[in-house]
Amino acid sequence: KAGVTQTPRYLIKTRGQQVTLSCSPISGHRSVSWYQQTPGQGLQFLFEYFSETQRNKGNFPGRFSGRQFSNSRSEMNVSTLELGDSALYLCASRKDRQNEKLFFGSGTQLSVL
Amino acid sequence: LAKTTQPISMDSYEGQEVNITCSHNNIATNDYITWYQQFPSQGPRFIIQGYKTKVTNEVASLFIPADRKSSTLSLPRVSLSDTAVYYCLVGGHKYGNKLVFGAGTILRVKS
């Protein structure tokens, strides 16, 4: 069974640009959540999607948004990039929202210059 | 209010048993306790999950006391490759199902 796939693996952008990250969950998993990780900050919850609907949102500005498609694949978008958005963005999938067993992808390392 | 509390870091030597404790005083009745391991620049990896008493798999054991307000991850005979950050995650049912990770414990294994 294929794991969670995130693309691209690395990304370099400049301030003010926007970026879209992609996540393909494990087959059969309907929940996709996104996390931002910066050095010393740990894993910060961004949002979770289930059945194409955002179910939860963390404390991030509106520049961070996402969506989920009917095949459970998810995208995350960050507009008007700031230097502080440089981070490892992780996507995790789980079978349903009653199970805390998450499967993470390898992440997208975003550098904002 | 933090959902989970873990030691910031721990040091050990190869071949020793390591126990990492997590406090979760506000755990809800239907919350499970899940532990993850993370290496630099990688996503966290599931280690073990439990609800009560003791759970054991091929890599670790998880001990949960009767009041479930804490849990202990036990790693037997650690090796250098066990150097990583370990996260305790308590189910989000009490918090609108948000899966919020704590700061984690940095485990350093020395030779």
Side-chain angles (χ1 to χ4, degrees), chain A residues 3-7 9-11 21 23-26 29-51 53-60 86-111, chain B residues 1-9 22 24 27-52 55 57 59-60 62 64 68 71 73 84-107:
Chain A
V4 177
T5 304
Q6 289 188 248
T7 56
R9 184 73 177 92
Y10 300 95
L11 205 50
L21 312 181
C23 173
S24 293
I26 290 173
H29 285 195
R30 298 168 62 193
S31 164
V32 173
S33 52
W34 289 88
Y35 293 83
Q36 181 196 65
Q37 188 171 39
T38 52
Q41 289 294 316
L43 290 154
Q44 299 198 62
F45 174 78
L46 279 156
F47 29 65
E48 180 186 19
Y49 285 86
F50 182 83
S51 294
T53 302
Q54 187 180 90
R55 303 291 177 157
N56 270 306
K57 193 177 192 308
N59 296 324
F60 279 82
S86 295
L88 179 66
Y89 289 88
L90 291 160
C91 157
S93 76
R94 54 176 172 163
K95 201 167 186 178
D96 55 60
R97 299 187 71 228
Q98 302 308 312
N99 190 335
E100 292 81 21
K101 187 173 180 179
L102 296 168
F103 295 84
F104 283 84
S106 297
T108 294
Q109 184 67 56
L110 172 65
S111 297
Chain B
L1 180 66
K3 290 179 61 180
T4 60
T5 304
Q6 303 173 233
I8 295 174
S9 66
C22 178
H24 28 79
I27 190 168
T29 302
N30 50 355
D31 282 341
Y32 277 74
I33 300 155
T34 313
W35 284 80
Y36 295 83
Q37 175 193 57
Q38 185 181 27
F39 299 112
S41 299
Q42 293 185 29
R45 182 178 72 100
F46 170 86
I47 300 175
I48 197 167
Q49 183 182 67
Y51 183 80
K52 62 180 180 180
V55 179
N57 63 21
V59 298
L62 179 60
I64 305 168
R68 303 198 332 118
S71 58
L73 173 73
V85 180
Y86 292 82
Y87 294 96
C88 157
L89 177 69
V90 173
H93 298 95
K94 192 174 175 68
Y95 297 91
N97 226 8
K98 287 186 182 182
L99 295 174
V100 177
F101 285 79
T105 297
I106 301 170
L107 172 66

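The chains referred to below are lettered A, B, ... by the order of the sequence lines, with proteins before strands, and numbering in each begins at 1.
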Under the side-chain hydrogen bond (donor to acceptor under 3.5 Å, both in side chains) test, residues paired with A:Gln44 that sit two or more places apart: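 Only A:Gln41 meet the side-chain hydrogen bond (donor to acceptor under 3.5 Å, both in side chains) criterion with A:Gln44.
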Chain A interface, residue from B:Ala103, B:Gly43, B:Pro44, B:Gly104 that has the most non-hydrogen pairs under 4.5 Å: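 The candidate making the most pairs under 4.5 Å is B:Pro44.
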Which atoms form the tightest heavy-atom contact between A:Gln37 and B:Tyr87, and what is the distance?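 Smallest heavy-atom distance, with atoms named: NE2-OH, 3.2 Å.
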Answer with side chain, backbone, both or neither: which region of [X] has an atom nearer than 4.5 Å to a non-hydrogen atom of chain B?
X: A:Leu102; result: both
X: A:Ser33; result: neither
X: A:Leu43; result: both

Region of B:Gln42 that comes under 4.5 Å of a non-hydrogen atom in chain A: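 It is the backbone, since no side chain atom gets that close.
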Roughly how far apart are A:Lys101 NZ and B:Ile48 CD1, rounded to 0.5 Å?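 Interatomic distance, A:Lys101 NZ to B:Ile48 CD1, rounded to 0.5 Å: 10.5 Å.
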How long is the gap from OH on A:Tyr35 to CZ on B:Phe101, to the nearest 0.5 Å?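 CZ of B:Phe101 is found 5.0 Å from OH of A:Tyr35.
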